[in-house]
Amino acid sequence: MYRNFAPELERLQSERIAAFKEFKADVDQGGYPGAEHSVAIKDDEFDAFMKKVQG
């Protein structure tokens with residue numbers, strides 16, 4: 001008989017749900033995003049980017 005991956009898929013789904021709940025809690029509590037998650041950009045580069053995005 002071939003292997004049944006259903007239990008493993010259920011376990012992975014539970015892990016995904018737990019990870020998203022942890023992420024949401026981190027965002028709600030102000031732990032994310034932090035300064036360490038940001039990338040600096042020069043003002044003129046940002047302005048050029050926004051101009052391009054806004055068409």
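Everything numeric in this text was worked out from a predicted model, so none of it was measured.
- Under the 4.5 Å side-chain contact rule for hydrophobic residues, Leu12 and Phe5 do not share a cluster.
- Heavy-atom neighbours of Asp44 CG from other residues, nucleotides or ligands within 6.0 Å: above the threshold of 12.
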Throw together a table of side-chain donor-acceptor distances under 3.5 angstrom for residues 14-28, partners on residues two or more places apart or in other chains.
| residue | atom | partner | partner atom | Å |
| --- | --- | --- | --- | --- |
| Ser14 | OG | Glu10 | O | 3.2 |
| Arg16 | NE | Gln13 | OE1 | 2.9 |
| Arg16 | NH2 | Gln13 | OE1 | 2.8 |
| Lys24 | NZ | Asp28 | OD2 | 2.6 |

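- For the pair Phe46/Lys42, no side-chain contact is recorded, criterion being any heavy-atom separation below 4.5 Å from C-beta on.
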